[in-house]
J.: 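A single structure is presented below for examination.
Any value given below was found using the heavy atoms of this structure, including those in side chains, with hydrogens, waters and symmetry copies removed. Quantities reported herein were computed from a predicted structural model and do not represent experimental measurements.
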Amino acid sequence: MELSSRSEENLQVVCVHDTRIDATVAIEFKDQMRAKTDGGSDIVVLDLTAVEFIDSSGLGAIVAAMKHMGQARKLALAGLTPTVDKVFRLTRMDSVFSVFPTLDGALADLKS
Amino acid sequence: MGTAAALPPVNICVESSDTAVRTALTELLRGLAPLKLDVDDAGTVELVMAEALNNIVEHAYPEGDPPGPIKVSCKHAADGLHLVVVDRGRTMPDGQVPDGAEVDLSVNFLDMPEGGFGWFLIKDLASDIRYERVNWENRLMFRLAVAT
């Protein structure tokens, strides 16, 4: 599980470089998200463009990452591929996060 | 019924482990390749099977119990894919599949659910779900209305 992080003006982009966030890597993902986002920007965009598959454990890990960041900060999701989008839609978790079809769309909307 | 026999039955057996689910999913999707499922249908198969298999690794063969076999068989029929998942681990709680109720999202931020989505997804996407405990085996059977 490899994540990278960069700053873009008022926000932070965390990019997932693996094709899966599943039960095998959910804990590692959570730990790495903590490490990348602790002390970071108020708005974090999680770039999921490379992620082709997520299961309920991966979904839970993203929720945990959001909760760890705290309510005063925002975790937005960008670049949802079809199966990832399906999981967020079916569980209605797409109503909990700001979800953007593309990273460019997310940056255009969230940059101040 | 002309298409029903298009796919040879797919049978997979893996031993429960941290990597068993990924291995089984890869083998299953490889076996289904002749069906040329679109991305939506392939996603449905992978998601439901991932949840069913994760449950077995976590709950039928929990840490501390010896690992055991997980068998998946899949047959293609006119009304979709018929899947049977068998393990020899612990029985389901109360001898039946969990409710899989939709999780409640109208809660405080810190109470936002981090789990409980698995059975909801299985029940939402699969049909004709049945569970039996027979001869020390758990048998979970369901149908996915893809490749119809």
J.: Given that the side chain runs from C-beta out, which part of Asp124(B) has a heavy atom under 4.5 Å from chain A: side chain, backbone, both or neither?
T.: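 Asp124(B) touches chain A through side-chain heavy atoms alone.
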J.: Under 4.5 Å between side-chain heavy atoms, hopping through other hydrophobics if needed: is there a path connecting Val72(B) to Val134(B)?
T.: no
J.: Tell me, for Val39(B) versus chain A, whether the close heavy atoms (under 4.5 Å) come from the side chain, the backbone, both or neither.
T.: both
J.: Heavy-atom distance under 4.5 Å to chain A: side chain of Asp111(B), backbone, both or neither?
T.: backbone
J.: Counting heavy atoms not belonging to Asn135(B), are there more than 12 under 6.0 Å from its CG?
T.: no
J.: From Arg20(A) CZ over to Arg22(B) CZ, what is the distance, rounded to the nearest 0.5 angstrom?
T.: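 The distance works out to 5.5 Å.
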J.: Other residues, nucleotides and ligands only: do more than 12 of their heavy atoms fall within 6.0 Å of CZ on Arg89(A)?
T.: yes
J.: Quick one: does Val63(A)'s side chain get under 4.5 Å of Pro113(B)'s, heavy atoms only?
T.: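 No, too far: nothing below the 4.5 Å cut-off.
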J.: Same cluster for Leu144(B) and Leu7(B) if Ile/Leu/Val/Met/Phe/Trp/Tyr side chains link at under 4.5 Å?
T.: yes
J.: With a 4.5 Å cut-off on heavy-atom pairs, point out which of Val57(B), Leu105(B), Val21(B) contacts chain A the most.
T.: Leu105(B)
J.: Please classify the contact of Ser56(A) with chain B as side chain, backbone, both or neither, using a heavy-atom distance under 4.5 Å.
T.: both
J.: Between the main-chain N or O of Val103(B) and the side-chain N or O of Arg92(A), is there a donor-acceptor pair closer than 3.5 Å?
T.: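 At least one qualifying donor-acceptor pair exists.
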J.: So if you build clusters from Ile, Leu, Val, Met, Phe, Trp, Tyr with side-chain heavy-atom gaps below 4.5 Å, do Val25(A) and Ile62(A) land together?
T.: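 As far as the 4.5 Å side-chain criterion goes, Ile62(A) and Val25(A) are connected within one cluster.
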J.: Mind running side-chain contact (heavy atoms from CB on, under 4.5 Å) on Leu90(A) and Leu121(B) for me, showing each step along the way?
T.: CA-CA 7 Å; Leu90(A) 291 176; Leu121(B) 289 167; 3.9 Å; yes
J.: Do you know which of Leu125(B), Asp18(B), Asp40(B) has the most heavy-atom pairs under 4.5 Å to chain A?
T.: Asp40(B)
J.: Against chain B, work out which of Ala64(A), Pro82(A), Ser57(A), Ala23(A) has the most heavy-atom pairs shorter than 4.5 Å and name it.
T.: Ala64(A)
J.: Can you tell me which portion of Leu47(B) sits under 4.5 Å from chain A's heavy atoms? Options are side chain, backbone, both or neither.
T.: both
J.: Is it the case that the side chain of Glu102(B) and the backbone of Thr91(A) share a donor-acceptor pair, with hydrogens and angles ignored and the cut-off at 3.5 Å?
T.: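 Not a single qualifying donor-acceptor pair exists.
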J.: Is there a chain of hydrophobic side chains (I, L, V, M, F, W, Y, each step under 4.5 Å between heavy atoms) that links Val51(A) to Leu80(A)?
T.: yes
J.: Counting heavy-atom pairs under 4.5 Å with chain B, which one of His68(A), Glu52(A), Met93(A) comes out on top?
T.: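 Most pairs with chain B among the choices: Met93(A).
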J.: Rounded to the nearest 0.5 Å, how far apart are CG of Asp22(A) and CG of Leu25(B)?
T.: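 So the gap between those two atoms works out to 8.5 Å.
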J.: Is any NZ, NE, NH1 or NH2 atom of the basic residue among Lys86(A) and Glu46(B) found under 4.0 Å from an Asp or Glu carboxylate oxygen of the other?
T.: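 So Lys86(A) does not pair with Glu46(B) through a salt bridge.
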J.: Return yes when atom NZ of Lys36(A) has more than 12 non-hydrogen atoms of other residues, nucleotides or ligands closer than 6.0 Å, and no otherwise.
T.: yes
J.: Check the hydrophobic clustering (I, L, V, M, F, W, Y; side-chain heavy atoms under 4.5 Å; chains of links allowed) and say if Val48(B) and Met141(B) are grouped together.
T.: no
J.: Where on Ile54(A) is there a heavy atom nearer than 4.5 Å to chain B: the side chain, the backbone, both, or neither?
T.: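 When you check distances to chain B, only backbone atoms of Ile54(A) fall under 4.5 Å.
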J.: Does any heavy atom of chain B fall under 4.5 Å from the side chain of Thr81(A), the backbone, both, or neither of them?
T.: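 No part of Thr81(A) comes within 4.5 Å of chain B.
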J.: Can you tell me how far the CE atom of Met112(B) sits from the NZ atom of Lys67(A), to the nearest 0.5 Å?
T.: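 NZ of Lys67(A) is found 8.0 Å from CE of Met112(B).
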J.: At a 4.5 Å cut-off on heavy atoms, which part of Phe109(B) comes close to chain A: side chain, backbone, both, or neither?
T.: both
J.: Tell me, side chain or backbone of Leu53(B) under 4.5 Å from chain A's heavy atoms, or both, or neither?
T.: neither
